[in-house]
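Numbering starts at 1 and runs along the sequence shown.
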Amino acid sequence: MTSSKILNAVIPLVADLAQELPERERLRRLLAALRTLLPADAVALLRLNGEWLEPVAIDGLVPDTLGRRFKVAEHPRLAQLLAAGQAMRFAPDSPLPDPYDGLITTPGELHVHDCMGCVLQTGGLAWGLLTLDALEPDRFADGNALELLQAFSNLAAATVATAERVQQLSQAARSASAPAPRNPGADRSRQILGTSPAIRQLQSSIALVAASDLCVLITGETGTGKELVAQAVHAQSPRAAQPLVSINCAALPDNLVESELFGHVRGAFTGALSERRGKFEQAQHGTLFLDEVGELSLSVQAKLLRVLQSGQLQRLGSDREHQVDVRVIAATNRDLAAEVQAGRMRADFYHRLCVYPVVVPPLRARDSDTLVLAGCFLEENRARLQLGGLRLDAAAQAALLRYPWPGNVRELEHCISRAVLKALSRTLGQRKDSSKPRMLSIGEEDLWDGAAAAPLPPGQQATGLIAPLPAAEVAEGLAASAETLGLRAQVERYERQLLSASLARHNGNWAAAARELQLDRANLQRLAKRLGVER
């Protein structure tokens with residue numbers, strides 16, 4: 001019986017290994033096959049990056065799980081799974097905190113549930129983990145469960161290795177000279193998170209231009225993450241091992257700009273007591289990032305033309321020329337073409353910067369990426385405040401999706417940080433044993449300071465899973481739902497909204513909607529039937 005179950009799950013996956021499938025679809029099929037073998041309520045595939053485990057595929061967990069990053073040292077269950085090297089199951093009464101407590105797609109906090117997992121190895125090294133969680137304590141008590149999981153792990157390792165190989169070949173095809181990207185978990189700098197079409201297009205543009213030495217002009221609204229894009233271009237470029245030097249052009253006084261950029265010699269001006277290299281020379285063979293480049297004065301723009309064109313510069317007070325080999329990336333939230341028309345920017349300077357333009361999409365154009373990013377910020381706050389766990393309730397998730405985010409990702413980060421502090425202050429003194437990490441649930445009331453969504457900037461329209469509502473309507477609707485609906489009913493209404501919106505976006509295509517919502521198609525159709533959602 002065990003062998004036949006494994007064969008039934010494995011045969012489709014073996015066929016998948018020979019097909020050219022997107023990584024996301026390949027991994028989704030992997031998790032769907034695992035759930036046919038073992039009766040789990042939630043499964044997750046996590047990639048090991050240095051000392052962090054990063055979810056790359058989930059099933060049965062809330063969407064913001066994809067944005068979370070689990071530090072192995074802070075999660076003893078994950079650490080034990082990695083150390084075990086083989087499939088293992090935790091006792092239902094294990095005192096160790098579970099990283100998925102509160103994240104399984106069911107209402108209420110999960111204090112006790114069954115969990116097991118195994119290490120995936122590729123090339124003799126640990127690639128990551130497969131984890132399974134169930135709501136009942138004895139769901140995996142069957143003596144064959146560990147045997148099935150261990151047998152499945154070998155095929156899972158082959159699947160992830162194939163997915164990575166396909167991705168590497170695709171990148172190599174775009175540019176044979178592009179080096180492999182640096183491990184994003186090595187320095188734990190912020191990453192570009194999300195799976196929306198807008199963000200996938202951005203990542204494709206980054207991969208394409210990174211291999212070249214072209215000047216890149218990054219534009220986008222404030223708070224969208226333009227500096228992250230600059231870091232990603234540098235990290236995926238042949239100059240990745242060389243320095244990335246950043247300078248905020250808006251913070252430079254006019255009388256110091258030339259010295260900061262080009263350097264100076266001793267005695268060039270009052271206070272110049274020694275010779276000093278400028279930012280261009282500091283970035284030799286690397287990348288110079290000019291943030292807020294639209295703030296530079298016309299006179300400074302004229303002085304930058306020569307170094308952008310030929311790489312030649314003179315230190316302030318010196319007649320000797322220096323040759324630099326620097327790639328320039330610039331960023332601004334201004335419309336530079338309009339600035340040229342208004343006479344506030346030189347046309348020749350603009351065209352030398354804008355060799356390859358990259359536009360960073362606003363958060364409201366990124367659909368459900370909002371929840372992925374929220375998960376990242378929740379996990380950062382959880383680690384900083386040493387909490388047992390943080391989760392968004394259904395009303396909070398709907399509110400985050402509904403809000404248009406005029407301040408983009410930066411505003412979302414600040415909103416989540418405030419909400420965590422509010423939820424924490426609300427629970428202070430409620431527990432006798434405050435030394436134990438606690439699980440906090442973030443409600444809609446924690447997100448806003450007594451107000452609902454702010455209006456969009458003039459001339460902008462919101463897009464996303466749920467259209468933004470007027471503030472009065474949001475407040476009235478939430479108050480009414482709190483009075484007339486229980487938690488389960490509110491969760492079902494939220495699921496109904498997400499499912500209907502996804503089907504509408506994909507013109508009733510169940511397969512496409514299932515991929516977007518990271519559900520098996522059959523499970524999605526059963527859910528739709530239960531919720532009363534039609535094509």
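If you check the side chains of Asp393 and Ser441, you find no donor sitting under 3.5 Å from an acceptor. Judged by distance alone, the side chains of Thr131 and Tyr100 do bring a donor and an acceptor atom under 3.5 Å apart. If you check the side chains of Arg410 and Thr222, you find a donor sitting under 3.5 Å from an acceptor. For the residue pair Glu444 and Gln397, no side-chain donor N or O sits within less than 3.5 Å of a side-chain acceptor on the partner.
Closest approach of Thr224 to Pro361, counting heavy atoms only: CG2-O, 3.8 Å. Between Arg366 and Ala198, the shortest heavy-atom contact is CG-CB, 4.5 Å. Contact between Leu30 and Leu45 at its shortest, heavy atoms only, is CD2-CD2, 4.2 Å. Residues Leu148 and Leu37 approach most closely at CD1-O, 4.0 Å, considering heavy atoms.
Here SG of Cys118 is found 10.5 Å from CG of Leu82. Values are rounded to the nearest 0.5 Å. The OG atom of Ser417 sits 12.0 Å away from atom NZ of Lys422, with the distance rounded to the nearest 0.5 Å. For the atom pair CG (Asp41) and CG (Leu135), the distance works out to 4.0 Å, reported to the nearest 0.5 Å. Separation of atoms CG (Leu61) and CG (Asp133) is listed at 7.0 Å; rounding is to 0.5 Å. Interatomic distance, CD of Glu147 versus CZ of Phe152, reported as 15.0 Å (0.5 Å rounding). Considering CG of Leu53 and NZ of Lys71, their distance stands at 12.5 Å, rounded to 0.5 Å.
Looking at residues two or more places apart in sequence or on another chain, you find a side-chain contact (heavy atoms from CB on, under 4.5 Å) between Val372 and Leu66, Leu193.
Comment: Arg364 engages Glu221 in a salt bridge, judged by a side-chain N to carboxylate O separation of less than 4.0 angstrom. A salt bridge links Glu74 with Arg382: the closest approach of a Lys/Arg side-chain nitrogen to an acidic carboxylate oxygen falls below 4.0 angstrom. For the pair Arg418 and Asp446, the salt-bridge criterion is not met [side-chain N within less than 4.0 Å of a carboxylate O].
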For this session: Please step through side-chain hydrogen bond (donor to acceptor under 3.5 Å, both in side chains) for the pair Asp369 and Ser196, ending with a clear verdict.
Result: CA-CA 6 Å; Asp369 285 353; Ser196 64; 2.6 Å; yes
For this session: Begin with the C-alpha distance, continue with both residues' side-chain angles, and end with the deciding distance and a verdict on side chain to side chain contact (heavy atoms under 4.5 Å, CB included) for Leu401 and Leu498.
Result: CA-CA 10 Å; Leu401 290 170; Leu498 290 182; 3.7 Å; yes
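In this structure, the side chains of Glu380 and Cys376 come closer than 4.5 Å at one or more pairs of heavy atoms.
In this structure a side-chain-to-backbone donor-acceptor pair under 3.5 Å is missing from Arg47 to Trp127.
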